[in-house]
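This report concerns only the one structure given below.
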Amino acid sequence: MSSSDQTEKKRYFEPAPQDIDVENFKKVLKSRRSVRKFTDKAIPAEILDDCLDLALLAPNSSNLQPWTFYVVQSAAKKKQLVKACLSQLAATTASELIVCVARTDRIDEMAKKNISEFPFPQAPDAVKKYYRFIPYNYKTGYFNALGNFKKVAFKMARQFNKQLPVSAFNPADAKLWASKTTALACENLVLALRAHGFDSCMMEGFDEPLVSQILALGEQQYPVMVIAAGERATDGVFFPQYRFDRDLFIQKV
Ligand SMILES: Cc1cc2nc3c(=O)[nH]c(=O)nc-3n(C[C@H](O)[C@H](O)[C@H](O)COP(=O)(O)O)c2cc1C
């Protein structure tokens, strides 16, 4: 062994599988449609759990996992939730309704967990340092004191040509931060359902204060979308999928 090998830092290595069936992957992606009518067939509990577990694997900001997925199964709550979803057909016929909530109230707790549950016997010092600092980036403090302080500090730092990361300067920024990441998990969830032969409809056509009230959500917990899920009825998709010219959306610069 050469001396450079001996001194070289030991690195974690996770191989990228190359045997993935791209055609099947595309089939899942392309057959996902917003389904507005479901059959009576229930989603088996183990399939629903698998889909939820896959949702939790979504990439998320600083691994702070700022989300909660409420699987609303109590008949009374479901009835209220359907009403809160404006009694949309997707909601009334769904066998499962999942409220996807972005939250900014557990930033400190999740930062601590990133240290205590780091998957090496000991979290490296750099990781500890990162998670001691990062909550301040997304929190805004009482009466937005921290947010206002950061606004001034960032403005000053920019004058010195300093590059700075996305940060929350007010509660709306913090909500956006958590919602961005939660939406990624929502996409994982609907694709996982499709891969298991089930379907979904993401809905933001709902009365947000009413949904919050039904679930007794706290102040820093925001319902991002309600996902209706179940088996696609034969007439559950109302029209073919269409998108506009890709040149409108993709720019190589
Ligand atoms: C954030 C979000 C909110 C949506 N809200 C609703 C909704 O409340 N009701 C509904 O029928 N569809 C809703 N949709 C579905 C969109 O209308 C649908 O994705 C879009 O028309 C494209 O169709 P496709 O999903 O079949 O490709 C929503 C989709 C997203 C991503």
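Just so you know, these numbers come straight off a predicted model, no measurement behind them. Order of appearance sets the numbers: ligands from 1, and atoms from 1 within every ligand. For the single chain, residues carry numbers from 1 onward in sequence order.
With hydrogens and angles left out, the side-chain atoms of N137 and S167 include a donor and acceptor closer than 3.5 Å. No side-chain N or O of N144 forms a donor-acceptor pair with one of N170 less than 3.5 Å apart. Under the 3.5 Å distance criterion, with hydrogens and angles disregarded, a donor-acceptor pair is assigned to the side chains of K128 and Q122. Inspection of the S61 and W177 side chains reveals an N or O donor paired with an N or O acceptor under 3.5 Å.
If you number the atoms of ligand 1 from 1 as listed, the ones under 4.0 Å from a heavy atom of Q241 come out as 24 (P), 27 (O). Near R33, meaning under 4.0 Å from any of its heavy atoms, are these atoms of ligand 1: 24 (P), 26 (O), 27 (O). Close approach to R36 involves these atoms of ligand 1, each under 4.0 Å from a residue heavy atom: 10 (C), 11 (O), 12 (N), 15 (C), 16 (C), 17 (O). Residue Q88 approaches ligand 1 through these ligand atoms, each under 4.0 Å from one of its heavy atoms: 7 (C), 8 (O), 9 (N), 10 (C), 11 (O).
Of all heavy-atom pairs between Q221 and D105, the closest is NE2-OD2, 2.9 Å.
For atom 22 (C) of ligand 1, the closest heavy atom belonging to the protein is R243 NH1, 3.7 Å. With respect to atom 19 (O) of ligand 1, the closest heavy atom belonging to the protein is S34 OG, 3.1 Å. In terms of protein heavy-atom proximity, atom 5 (N) of ligand 1 is closest to E204 N, 2.9 Å. In terms of protein heavy atoms, atom 4 (C) of ligand 1 is closest to M202 O, 3.2 Å.
Considering backbone and side-chain N/O of G205, one or more are found under 3.5 Å from N/O of ligand 1. Ligand 1 has no nitrogen or oxygen under 3.5 angstrom from a nitrogen or oxygen of C201.
The aromatic rings of Y242 and F244 sit perpendicular to each other, their planes meeting at more than 60°, with 30° as the lower class boundary.
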**Study point:** Verdict with supporting geometry, F169 and F154, ring pair (Phe, Tyr, Trp, His ring centres under 6.0 Å)
**Key:** CA-CA 10 Å; F169 301 111; F154 272 50; 5.1 Å; yes
